[in-house]
Amino acid sequence: MADKKKMSVAEMLAAARKADGDGSASDAEESTPVESASEEAAPAKKPAPAKSSSGGRPSVAEMMAMARGAKAGGDAEKSAAKPAAKKPAAKAKPAAAKAAKPSKPAEPRDTASILAAAKKSSKAGPMSKSEAAAKEKADPKPKPKIVVPPMPEKPAYAMAKPPVKAKGKAPEETRRGFLVVGMVGLFGVLVLWTVETVRFMFPNVLREPPSKFKVGLPDAFPAGQVNTKFKAQFGVWIANAEYNGQQQIYALRSVCTHLGCTPNWLEAEQKYKCPCHGSGFYKDGINFEGPAPRPLERFAIRIADDGQIEIDKSRMFFEEKGEWSDASCYIPA
Ligand code: FES
């Protein structure tokens, strides 16, 4: 028997439609193996109403169920051995049961529309931009707002620390201090330079005690004594002693004739003694020991108008030259 030969779904559909007298050649051509696969899935999703209940054209599911039922009846042994063949029959049962409901009238649907509906509902995968825009237009649902939670606050150790100020004065104050010190120093140098310039314009003046001075009345100088009162101030000894058999008041210069040291009057030894090299001079000034080569010098002396003794250091008298005999260098006592 030709029915016993395994038939594809398309062949079964074509046979069913031919048997109904409504099967057209175009339907048979459209039912490609791909469509048959979708047809298998379509009745499972949406069971169509049965023809017997509505009285119209049977749906694909019904036709498939009928074809599979005929195939199962003709090939009982094979269907019992192959549980896979029972599956579509089992799927067809609820479809047939649902189709038996008389409430909904069956709509005339052809295979092309069913396949198109199945394709439309089962399209998956990426969609183009135009498709996405169309879908977005068709779906007026507002997009849910994305609520971003607030960021947590930074911990204390992560906060930016303020810059640490340097100890002591600020750099600006230090710079100003240096500027002030520099200006003061410059001003001081200018003042000193001006003073020294003015001083250079005038001659140097050696301020010395006056060469003439009064030492008092002649009674203040008794015979045989040496007065050392004016040595420190005027460098002079006033003595009242005998020279060449004559008592005289005279003024001796207190400078050693060796190298210029200042001798001392030794009252106990009655002599002038130089501390530098040991030269010794008598009371009248004549040298007698040590390296001193000559006697001491005398200054001019006279009785002033007021009766006092006046000494004139601008004039000196030398014994080795015989000048001590000049009356200008002594006062007779
Ligand atoms: Fe007076 Fe030499 S200076 S003894």
Side-chain angles (χ1 to χ4, degrees), residues 192 195-333:
L192 282 175
V195 168
E196 290 299 320
T197 303
V198 171
R199 188 179 171 186
F200 175 77
M201 301 304 288
F202 294 92
N204 288 330
V205 178
L206 182 60
R207 300 195 178 278
E208 291 182 345
S211 60
K212 288 184 179 179
F213 55 94
K214 292 179 180 177
V215 295
L217 296 172
D219 299 339
F221 304 97
Q225 290 192 358
V226 176
N227 192 321
T228 60
K229 184 180 177 180
F230 305 99
K231 177 190 170 185
Q233 185 178 1
F234 298 106
V236 171
W237 287 298
I238 308 296
N240 188 346
E242 187 179 339
Y243 176 72
N244 287 338
Q246 186 184 8
Q247 196 71 24
Q248 300 176 350
I249 297 175
Y250 51 88
L252 286 174
R253 184 174 177 241
S254 60
V255 176
C256 181
T257 54
H258 178 217
L259 293 177
C261 289
T262 302
N264 298 310
W265 168 248
L266 302 179
E267 183 66 25
E269 298 179 20
Q270 293 290 302
K271 66 176 181 182
Y272 308 100
K273 186 67 175 178
C274 182
C276 295
H277 309 98
S279 295
F281 305 88
Y282 292 121
K283 187 183 289 184
D284 56 5
I286 303 296
N287 58 305
F288 69 95
E289 63 179 355
R294 56 188 178 84
L296 300 173
E297 293 99 14
R298 286 187 180 184
F299 290 128
I301 188 171
R302 76 179 184 95
I303 300 294
D305 297 339
D306 58 355
Q308 293 191 62
I309 296 174
E310 184 183 70
I311 309 295
D312 185 4
K313 289 181 68 176
S314 61
R315 294 172 63 199
M316 283 198 296
F317 298 86
F318 299 90
E319 195 277 339
E320 66 271 19
K321 293 182 182 177
E323 294 176 351
W324 283 10
S325 59
D326 191 332
S328 299
C329 67
Y330 66 91
I331 297 172

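Just follow the structure's listing: the first ligand is 1, and inside any ligand the first atom is 1. Remember, predicted model here, so these are calculated numbers, not experimental data. Note: hydrogens, waters and symmetry copies are ignored here, and every other heavy atom, side chains too, is used.
At least one N, O or S atom of C256, from either the backbone or the side chain, sits less than 2.8 Å from atom 1 (Fe) of ligand 1. One of the N, O or S atoms belonging to H258 lies under 2.8 Å away from atom 2 (Fe) of ligand 1.
Using cut-offs of 30° and 60° on the angle between ring planes, the pair Y282 and F288 is parallel.
Nearest N, O or S atom of H277 to atom 2 (Fe) of ligand 1: atom ND1.
The aromatic ring centres of Y330 and Y243 sit 6.0 Å or more apart. Aromatic pair Y250/W324: ring centres not closer than 6.0 Å.
Using a 4.0 Å cut-off between charged side-chain N and carboxylate O, K273 and E289 make a salt bridge.
Close approach of ligand 1 to L259 is summarised as follows: ligand atoms under 4.0 Å from at least one heavy atom of the residue are 3 (S). Every atom of ligand 1 with a heavy atom of C274 under 4.0 Å away is listed here by number and element: 1 (Fe), 3 (S), 4 (S). For ligand 1, the atoms sitting less than 4.0 Å from at least one non-hydrogen atom of C261 are 3 (S), numbered in the order shown with element in parentheses.
For atom 4 (S) of ligand 1, the closest heavy atom belonging to the protein is S279 OG, 2.7 Å.
In this structure, the side chain of S254 engages the main chain of G235 through a donor-acceptor pair within 3.5 Å.
Side chains of R298 and L252 form a contact here, defined as non-hydrogen atoms less than 4.5 Å apart.
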